[in-house]
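Have a look at the structure below, then the notes.
Both backbone and side-chain heavy atoms feed into the values below; hydrogens, waters and symmetry mates do not. Throughout, protein chains are lettered first and strands after them, A, B, ... in sequence-line order, and every chain is numbered starting at 1.
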There are 2 protein chains.
Amino acid sequence: MSTATVSRVLHNNGYVSAESRQRVEEALRESGYRLNVVAQELRRRKTMSLGLILHGAMSNPFVAQVAFGAAQAAAEQGFNVLFFNARGDAEREHESVEALLRRRVDGVVFTTAVSRANVELALEAGITAVEIERRLCPGAASVVVDNYAGATEATEHLIGLGHRRIGYIGEPIAGTAPADDAQSVVRERFTAYRDALQRAGQPPEDSWIVAGPYPREQGGWGGVETGASYMERLLRQAPGLTAVVAASDMLAAGALQSLYREGRRVPDELSIVGFDDTFAKHLAPALTTVRQPMFEMGFKAISLAIGFIDGGRHSAVAEHCATELIVRSSTAPPP
Amino acid sequence: MSTATVSRVLHNNGYVSAESRQRVEEALRESGYRLNVVAQELRRRKTMSLGLILHGAMSNPFVAQVAFGAAQAAAEQGFNVLFFNARGDAEREHESVEALLRRRVDGVVFTTAVSRANVELALEAGITAVEIERRLCPGAASVVVDNYAGATEATEHLIGLGHRRIGYIGEPIAGTAPADDAQSVVRERFTAYRDALQRAGQPPEDSWIVAGPYPREQGGWGGVETGASYMERLLRQAPGLTAVVAASDMLAAGALQSLYREGRRVPDELSIVGFDDTFAKHLAPALTTVRQPMFEMGFKAISLAIGFIDGGRHSAVAEHCATELIVRSSTAPPP
DNA sequence: CTGTTAGCGCGTTCAC
DNA sequence: GTGAACGCGCTAACAG
């Protein structure tokens with residue numbers, strides 16, 4: 001029995017007589033043989049593994065879902081995923097990419113990449129790179145969600161219920177950054193809100209909007225305290241509002257807290273809609289929100305990467321994921 | 001220049017003249033050389049990588065935190081982590097372990113293992129195995145949290161506030177299973193509650209307890225709807241209660257929802273305490289709960305595994321993590 | 001101090 | 001149909 005024959009039965013290729021196959025399979029069972037994938041990788045110069053770099057705002061369920069989607073897509077196609085948490089730091093992100101490159105992964109997906117140079121690093125090394133949520137590098141493929149459409153749907157839902165005086169709480173909107181930068185998600189959500197109101201013949205007044213500044217927390221997301229304090233400000237400066245769109249579930253949760261403290265009933269006195277659909281379902285009242293298909297995003301990103309690996313050519317496609325409005329119990333017609 | 005010399009400067013070992021070192025480093029920079037870790041692994045017969053198997057109840061933040069803790073511990077020690085989601089299925093868990101074994105990981109950590117045979121598989125292959133949260137295999141090391149102490153603290157917190165009529169909502173308690181089985185976490189929490197009340201001279205009546213049955217969801221956790229319906233039952237069958245301990249944040253969130261619907265104020269009319277500290281902080285009112293150190297559990301599990309790998313001997317230690325009561329706004333003295 | 005050598009375990013020629 | 005031989009890129013042992 002030669003190793004070549006064994007290799008042939010293991011992979012079902014080449015010619016091998018039924019009898020030999022029989023004998024080899026027998027021997028494999030008895031010897032408790034287990035294929036050594038690292039030798040295989042070395043020889044094939046292909047590792048069937050992908051890097052997943054993300055930024056764990058520890059309190060943010062978003063990344064967890066993406067990771068699970070990624071893991072599932074990879075598993076279904078026989079790939080492995082190497083997990084790195086760069087915690088929003090460009091230096092750590094860089095080190096993660098280097099480590100992945102040393103390990104000869106076939107591709108890396110960035111969930112909310114921090115530095116464009118890091119994704120270019122992967123590209124230059126000749127492997128495929130996919131960006132999730134934030135487009136930093138024009139050469140990489142990406143999976144993004146249409147924040148504008150999502151926020152439009154949220155606002156129009158409120159308008160459809162009869163609301164006109166609708167407030168907004170969200171992340172600070174940086175001035176004039178280009179369309180595909182890091183700020184785009186927050187700006188898109190805000191713009192969609194403003195445009196929708198405008199279309200309804202009720203452009204928002206300045207006092208209806210509270211968006212920053214606030215101290216950015218780990219990972220760059222507004223926390224629940226932020227939401228509460230924004231809501232309080234909004235109540236003071238625009239008491240006539242009948243509904244509020246929040247740029248994230250986290251912010252909405254904070255808003256709900258401050259409203260609860262004040263004894264104001266949701267949705268009876270005020271409607272609230274969130275964004276993300278992370279723990280929206282668990283709040284009291286259950287929060288109407290715009291679902292981001294986080295699992296699907298992770299899934300698609302990995303599938304895209306694998307497609308490029310198997311298929312050869314790497315193009316900079318941008319895959320769009322649709323959001324979905326989930327109506328629960330925090331929205332109702334105005335009082 | 002021979003490859004051996006290069007290897008020596010790369011790893012700072014062996015003798016090498018300052019001049020040679022200079023020249024090699026120069027050449028490395030210019031050639032854009034990058035170490036091939038897979039060849040290194042093959043040669044060293046050590047991969048510096050660990051498998052992380054977990055069961056993503058997609059809605060459960062618990063596993064995400066564990067994963068982040070694991071990733072950080074691994075990164076700090078120069079290890080990589082291979083990420084698998086077995087989704088509570090023994091067969092998928094088995095396949096994950098096999099894949100990891102083929103890839104010659106140095107160890108695998110199971111977050112809430114499903115099948116004892118699977119962790120034994122790893123052990124038999126001669127690598128270290130660590131179990132988180134659930135002890136299934138006496139031969140493996142484990143990281144567990146003292147659920148009894150945590151639930152005791154929660155209940156005594158309520159007692160200390162002056163409550164006596166304290167209810168309980170939780171997962172169904174299986175009859176007579178042994179101490180280290182899959183059911184132990186839910187049983188410990190319940191027992192602690194009962195014992196604490198007993199010590200306070202107020203043993204709970206049957207009507208104060210609602211624990212199952214309910215349809216188990218993905219991953220085996222009670223969902224928010226479960227919490228709501230349990231709370232409603234509790235309100236009906238034991239209207240005199242002034243406080244409730246919930247076996248998880250999820251259940252507590254459901255309880256809060258049904259209370260909100262009924263218009264009953266928390267904590268003014270009724271106090272609630274949860275368990276886990278996942279999204280407790282985001283609820284309205286912010287939930288008093290028992291924090292499980294999820295991040296630390298992942299961190300410790302990986303550290304344990306690495307310790308065994310470097311240190312040589314593998315003992316079946318059980319590392320205990322302390323819980324911590326986080327008092328927020330859902331508990332107050334009885335009305 | 002440095003180079004030569006011999007594998008690690010596999011997949012792929014290329015003869016037989 | 002099958003086996004012998006080579007090399008993927010690296011490290012460890014030993015000579016020099």
task = Run through A:Ile132, A:Leu54, A:Leu304, A:Val119 and flag the one making a side chain to side chain contact (heavy atoms under 4.5 Å, CB included) with A:Val109.
result = A:Ile132
query = Side chains of A:Met294 and A:Thr278: does their closest heavy-atom pair fall under 4.5 Å?
reply = yes
task = Determine, stepwise, if the pair A:Leu100 / A:Phe84 fulfils side-chain contact (heavy atoms from CB on, under 4.5 Å).
result = CA-CA 9 Å; A:Leu100 289 167; A:Phe84 277 86; 3.6 Å; yes
key: Side-chain donor-acceptor contact under 3.5 Å, B:Asn118 with B:Arg92   = no
note = When the rotation axes relating C1' atoms of four end pairs to the next four are compared across the helix from C:dC1-D:dG16 to C:dC16-D:dG1, five pairs an end, they differ to 10° by 40°
remark   = The answer to which of B:Arg21 and B:Arg104 contacts DNA chain C further toward the 5' end, by nearest nucleotide, is B:Arg21
request  = Measure the CG-CG distance between A:Asp106 and A:Leu50 for me, rounded to the nearest 0.5 Å.
outcome  = 6.5 Å
message = Students should find this one: the first and last nucleotides of DNA chain C, 5' to 3', lying under 4.0 Å from a heavy atom of chain B. What are they?
response = C:dC1 to C:dG9
key: Heavy-atom contact window of chain A on DNA chain D, given 5' to 3' at under 4.0 Å   = D:dG1 to D:dG9
Spatial distance of atom OG1 (B:Thr47) from atom CD1 (B:Ile309) [nearest 0.5 Å] = 7.5 Å
Qualifying residues under salt bridge (charged side-chain N to carboxylate O under 4.0 Å, His left out), relative to A:Arg43, sequence neighbours excluded = none
query = Does anything in residues 29-50 of chain A reach DNA chain C, meaning a heavy atom under 4.0 Å, and if so which residues?
reply = A:Tyr33, A:Leu35, A:Asn36, A:Ala39, A:Gln40, A:Arg43
query = So which heavy atom on A:Arg135 is nearest to which on A:Ser142, and how close?
reply = NE-OG, 3.0 Å
Value rounded to 0.5 Å, distance of CZ in A:Phe68 from CZ in B:Phe83 = 5.0 Å
request  = Kindly give the heavy-atom pair with the smallest separation between B:Ala71 and B:Val81, and that separation in Å.
outcome  = CA-CG1, 4.0 Å
query = B:Arg103: what forms a salt bridge (charged side-chain N to carboxylate O under 4.0 Å, His left out) with it, not counting sequence neighbours?
reply = A:Glu41
task = Using a strict cut-off of less than 4.0 Å between a Lys/Arg side-chain nitrogen and an Asp/Glu carboxylate oxygen, indicate whether A:Glu95 and A:Arg102 qualify as a salt bridge.
result = yes
